[in-house]
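Data block below; observations after.
Throughout, a chain's letter reflects where its sequence line sits, starting with A, and its residues are numbered from 1. Computation of the quantities below employed the complete heavy-atom set of this structure, encompassing side-chain atoms and omitting hydrogens, waters and symmetry-equivalent molecules.
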Amino acid sequence: MLDIVRVTLKGIFRDRVFHGILVAALILPLIPAISRLSMRQVTELSITLSLSLISFILLLLAVFLGGTSLWRDMERRYTFSVLSLPITRGSYLLGRFLGVALFLFLAALLLGCVAAAVVLFVSGSFPPERPIVWINIICAILFDALKYILLVAVSVLFSTVSTSFFLPIFGTISVFIAGNASQQVYDYVHSQAGQVLPPFIRSCASGLYYLLPNFSAFDLKVNAIYGVPLNGSGIALTLGYLVIYAGLLLSFAAILFSRREMK
Amino acid sequence: MAPTSNKAAGWLGPLLVSCTLMVCYALLIVPFADYLRNKPFVEKLGHVPKAEFLQLISADQKQLVGEALVLDVLMYFGGLVGKEDAKLQLPPDYQAMSRLLHASVKLDPYNMDAYYFAQSILVWDVKQFKVANNLLEYGMKYRSWDWYLPFFAGFNYAYFLKDYPQAAKYYMRAGEITGNSLFVNLAGRYLNETGQNELAISYLSTMANSAKNQAVKQTLTKRLKALEAVRSIERARDSYRLATGTLPGSLEVLVQSGYLQQVPEDPYRGSFYLEPDGKVKTTSNFVSPGENK
């Protein structure tokens, strides 16, 4: 399985999609100039922009690498040769997932270091009213990476049932948007204003809320940007949620992949 | 035909087309850019989806979208101030500005730019004190460490709404946050009719000094200059009354008797005068000609 992880990482570094996405990171050094547009929170804006850009790059990487990694193997009939080796389909799948996950982690680390330099530079010339809480920024980037690792698990699950790359890519994007909005929808239908909705819609919304991955829990941007204290137990719960939810997705994916007929 | 000329003809065609299109582009771009430059402001600020919808689709980029909305308003306003100097007067679309700022703080309730801008513009120019105070109240729930918000709210209550107990409450809160007795003093010292201008001047200099945006700074400084002019007249009037026991009939009396060196200029292009009860007024009413009242 470790070999699969290694091969996956090597493949990603050679991938042209990855190179294209990396170009987006070139915007990072432009952030100090853009941040000066703010009236009262230049440093805060530089953190906002850095985190937004990192999140966006990781989203692209997660969707395209996660969505195409398995599909391309099957398209090129590469799976045949791999699966003739003495490894189970499950561990092959897990290797692919871990390879992409490890890569996302490394990308977040690299981008995070550049972003830290950018924020440090901006805060030197525009000292913020409140001191920057670096641990919050590190946590925000780390949880961003974890969020996209969870998203990769979603795309792996889609890949195992799909014959083209449409479902893995567009399905993953849809799950991402829905998973970010689900908390808000849930809060709304359970508020006073939501009581006017028909009960059927309300129970549908609740059902989807528990079914879909909840990405809003991983969003620690506000804590990073404005130095709002982190909630320790909330973070622990989110980590537990990640492990269990990703584990569930991957085990379903392994079941489906083992039963799949390879043509 | 020889193969070389055939090859030449192969790229000559596209080259001709590219050249023609480039010329067309050069011809088109000037009127096109002109059209966009002169497009009415209302259209430029108008079409923004509802905040709830933006919240749903902006996924984990809420802070970015929130800031983008503020910057949108800022650019619009900056363009407007530029236009005013060029003597081209357009009524600003304050409603759209307010709508965008409200949407922005729904997406990111911590965004100080939005509160600051709302306070800079909405209270003085639109006189929407209640709206501004509600917005500030909302912000205080999140930015609990920020003394600016209660300071702004206290000012609105004292200066515009004449609700002194409420104003004192907010100044106290600002004082608690900073540990600075200035606010507590402000609450007590300036809350009478004659002190209103002092209050406004200290408030406006705080705002103007910390303004980084040129358009905002310009607006605030203009207002500050006008109020300082009023204060200088008020001081002369008070000395005159103290010395003679009567109110001066006009500003000219003050100048002739030496209490006022000269009648100060109104930055809003009006002229100052004295009301029969001694109040200092201006024909511009602190609004530039052409601006929405």
Testing the 3.5 Å rule here: is there a donor-acceptor pair between the side chains of B:Asp146 and A:Tyr226?
no

request  = Compute whether any side-chain donor of one residue and acceptor of the other, for B:Gln63 and A:Glu44, lie under 3.5 angstrom apart.
outcome  = no

Those residues at least two apart in sequence (or on a different chain) that pass side-chain contact (heavy atoms from CB on, under 4.5 Å) with A:Gln184 are B:Gln55, B:Leu56, B:Lys62

For A:Leu60, the side-chain contact (heavy atoms from CB on, under 4.5 Å) test, sequence neighbours excluded, returns A:Ile21, A:Phe56, A:Phe64

As an exercise, state the distance from [atom1] of [X] to [atom2] of [Y], rounded to the nearest 0.5 Å.
| X | Y | atom1 | atom2 | answer |
| --- | --- | --- | --- | --- |
| B:Tyr110 | A:Thr48 | OH | OG1 | 13.0 Å |
| A:Leu45 | B:Met112 | CG | CE | 14.5 Å |
| A:Ser38 | B:Tyr116 | OG | OH | 10.5 Å |

Exercise for the section: Carefully, step by step, assess B:Asp60 and A:Lys147 under the rule side-chain contact (heavy atoms from CB on, under 4.5 Å). Expected result: CA-CA 11 Å; B:Asp60 64 338; A:Lys147 171 169 72 182; 2.7 Å; yes

Nearest heavy-atom contact between B:Gln61 and A:Lys221 is OE1-CE, 4.5 Å

Scanning both residues in full, the closest heavy-atom pair of A:Leu37 with B:Leu74 reads O-CD2, 3.6 Å

More than 12 non-hydrogen atoms from neighbouring residues, nucleotides or ligands closer than 6.0 Å to [atom1] on [X], yes or no?
| X | atom1 | answer |
| --- | --- | --- |
| B:Gln95 | CD | no |
| B:Lys50 | NZ | no |
| A:Phe105 | CZ | no |

Which region of [X], side chain (C-beta onward) or backbone (N, CA, C, O), has a non-hydrogen atom less than 4.5 Å from a non-hydrogen atom of chain A, or is it both or neither?
| X | value |
| --- | --- |
| B:Tyr148 | side chain |
| B:Asn111 | both |
| B:Leu64 | both |

Contact list (residues 109-117 of chain A to chain B, heavy-atom gap under 4.5 Å, by number) returns none

Okay, A:Ile225 and chain B: the region with an atom under 4.5 Å from a heavy atom over there is side chain

Residues 112-137 of chain A vs salt bridge (Lys or Arg N to Asp or Glu O under 4.0 Å), sequence neighbours excluded, gives A:Arg40-A:Glu129

